[in-house]
Number of protein chains: 2
Amino acid sequence: MPGPPPTALQPRKTPRQSRSRVTVEAIFEATIQVLLRGGMNELTTTRVAERAGVSVGTMYQYFPNKQALVYALNARYLDALAARIEATCREHAGAPLGQMVEALINTYWTAKTERADVTRALYRSVAELNNDVLIHAFAERVDRATTEMLASACDAVFPDVPRANLALVTVIYGTVRNAFERGVSDQEAAALRQDLTTMCRAYLANFRA
Amino acid sequence: MPGPPPTALQPRKTPRQSRSRVTVEAIFEATIQVLLRGGMNELTTTRVAERAGVSVGTMYQYFPNKQALVYALNARYLDALAARIEATCREHAGAPLGQMVEALINTYWTAKTERADVTRALYRSVAELNNDVLIHAFAERVDRATTEMLASACDAVFPDVPRANLALVTVIYGTVRNAFERGVSDQEAAALRQDLTTMCRAYLANFRA
DNA sequence: ACCTGAACACCGTTCAAGT
DNA sequence: ACCTGAACACCGTTCAAGT
């Protein structure tokens, strides 16, 4: 069980008045814009503040430092991603294995692909953080959903569900990321996605009841 | 075919005298040390120079900027990795598919794992770079070796070798990376590696002659 | 309760001066 | 041919003063 994020990375205060909620939202939006434009190299606190229409000081009221800002942005993104995966798992409880695999790959792939530029920017930005806590929290939350789904499959029995789950999710998430990094073409991506599904299915066929 | 790395990232000059070759080597070594100690956040030119026992100015004689230094370090690492993969492919030319898969996974996994801390530090450092050129050059070089190997398999016929190759390497490289990011335990890693092999074999079984 | 922006310390980078 | 290190611009962060 992962603890809370390192104190230095936690938001300084939670916005209470609606004015400040707007401010924080503007800061997040500005951060994405700046990241998309110039990547982490050009992500300066001044630039983010300027784009968000606030002063640097204001930014520092909500985030103790630049890293915390990027950290919070990624936490937000991973939270949304986890929610989508959880929904998919709920929808496919008790379904046959083949459908589960397809649904999982589809959800993850779509989530990462629909805003490829944002995905890429965040992949890069999160690398610079002490992201262990972030990754662990995400992994644990999503693993819970996917293992439950797998365990509920109507046409399979697993001697070791966590193990099968680990293989499945590591391969899927890793492959998607690597595809991004290689910058595969749309055609290559389509073929790859199909082959990934084939592989996962072939693996899971071992557990067919 | 990828062009040369962006001019801004290329080494400024190649060391000609042995004195300067030693200097460059010391700078590389210092960079790794500093990266291992504090990650990219604490990688300052002053610290690297100090640790290498030279002045900042000297560092800037060989690398036009900090990014170029990190770039060169990763280029070096990827070059060595590619060479190892090429060797494995050469050794397994004409072998049965199953052995190829096992050898490829073994080589890659071992290369990444034997110095896990360095691997982790480099994974993170390369994310901050304009690394497209670097990644493409590596991918192209390694793809050439692996596709050739696959095509030579004594017990398989591929309708589309590049496609099978893409599936294979993306899944393998991606999985290894993701395993690193999740920080899997040694036992989990062992199981995962076995399952990854199973998956790849099951996929390739489709092409058995 | 929230915002501002000048001020400070530190880092990346340069270049005139050295061997 | 190679090295030095003070100097400069810029960025992260703070805090006294404001609404």
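All heavy atoms count here, side chains included; hydrogens, waters and symmetry mates do not. Lettering follows sequence order; numbering is per chain, from 1.
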Exercise for the section: Rounded off to whole Å, could you give me the CD-to-C1' distance for the A:Gln61 and D:dG18 pair? Expected result: 12 Å
Fill in the blank from the handout: Atom CG of B:Asn65 and atom P of C:dC11 are separated, to the nearest Å, by 18 Å
Handout entry: Lys/Arg-Asp/Glu bridge criterion (N-O < 4.0 Å) met for A:Glu29, A:Arg51
Key = no
Exercise for the section: Write out the stems for DNA chain D, ordered by first number and formatted as range with range, counting runs of at least 3 consecutive Watson-Crick or G-U wobble pairs under 3.5 Å. Expected result: C:4-8 with D:12-16, C:12-16 with D:4-8
Handout entry: D:dC3 phosphate, OP1 or OP2, under 4.0 Å from B:Thr23 side-chain N/O
Key = yes
Exercise for the section: Cation-pi check, A:Arg177 to A:Tyr123: give yes when NZ or CZ is under 6.0 Å from the six-membered ring centre and within 45° of the ring axis, no otherwise. Expected result: yes
Exercise for the section: Could you tell me whether A:Arg144 and A:Glu148 have a side-chain N and a carboxylate O separated by less than 4.0 Å? Expected result: no
Problem - Under-4.0 Å side-chain N/O to phosphate OP1/OP2 contact, A:Thr46 with D:dC11 - result: no
Handout entry: Pair A:Glu25 + A:Arg76, salt bridge at N-O below 4.0 Å
Key = yes
Handout entry: Nearest-angstrom distance from the residue atom OH of A:Tyr60 to C1' of D:dT13
Key = 5 Å
Exercise for the section: Scan side-chain atoms only and decide if A:Thr146 and A:Asn165 contain a donor-acceptor pair under the 3.5 Å cut-off. Expected result: yes
Problem - Passing candidate, side-chain contact (heavy atoms from CB on, under 4.5 Å) with B:Lys112, options B:Thr107, B:Val118, B:Thr119 - result: B:Thr119
Problem - CD (B:Glu42) with more than 12 external heavy atoms under 6.0 Å - result: yes
Fill in the blank from the handout: To the nearest angstrom, the CD-P distance between B:Glu50 and D:dT4 comes to 13 Å
Handout entry: Pair A:Glu102 + A:Arg201: basic N to acidic O under 4.0 Å
Key = yes
Problem - Between P of D:dG12 and OH of A:Tyr62, the distance in whole Å - result: 20 Å
Problem - Within residues 33-45 of chain A: residues closer than 4.0 Å to DNA chain D (heavy atoms) - result: A:Leu43, A:Thr44, A:Thr45
Problem - d(CE, B:Met59; P, C:dT14) in whole Å - result: 10 Å
Exercise for the section: Assign B:Val54 to base, sugar-phosphate, or nothing according to its heavy-atom contacts below 4.0 angstrom with the strands shown. Expected result: sugar-phosphate
Handout entry: Toward the 5' end of DNA chain D, by each residue's nearest nucleotide, B:Val56 or A:Arg47
Key = B:Val56
Practice task
Measure from CG on A:Leu69 to C1' on D:dC11 and round the result to the nearest Å.
Solution key: 15 Å
Exercise for the section: State whether a side-chain donor-acceptor pair under 3.5 Å links A:Asp143 with A:Thr147. Expected result: no
Practice task
Starting at atom NZ of B:Lys66, determine the distance to atom C1' of D:dC10, rounded to an integer number of angstrom.
Solution key: 14 Å
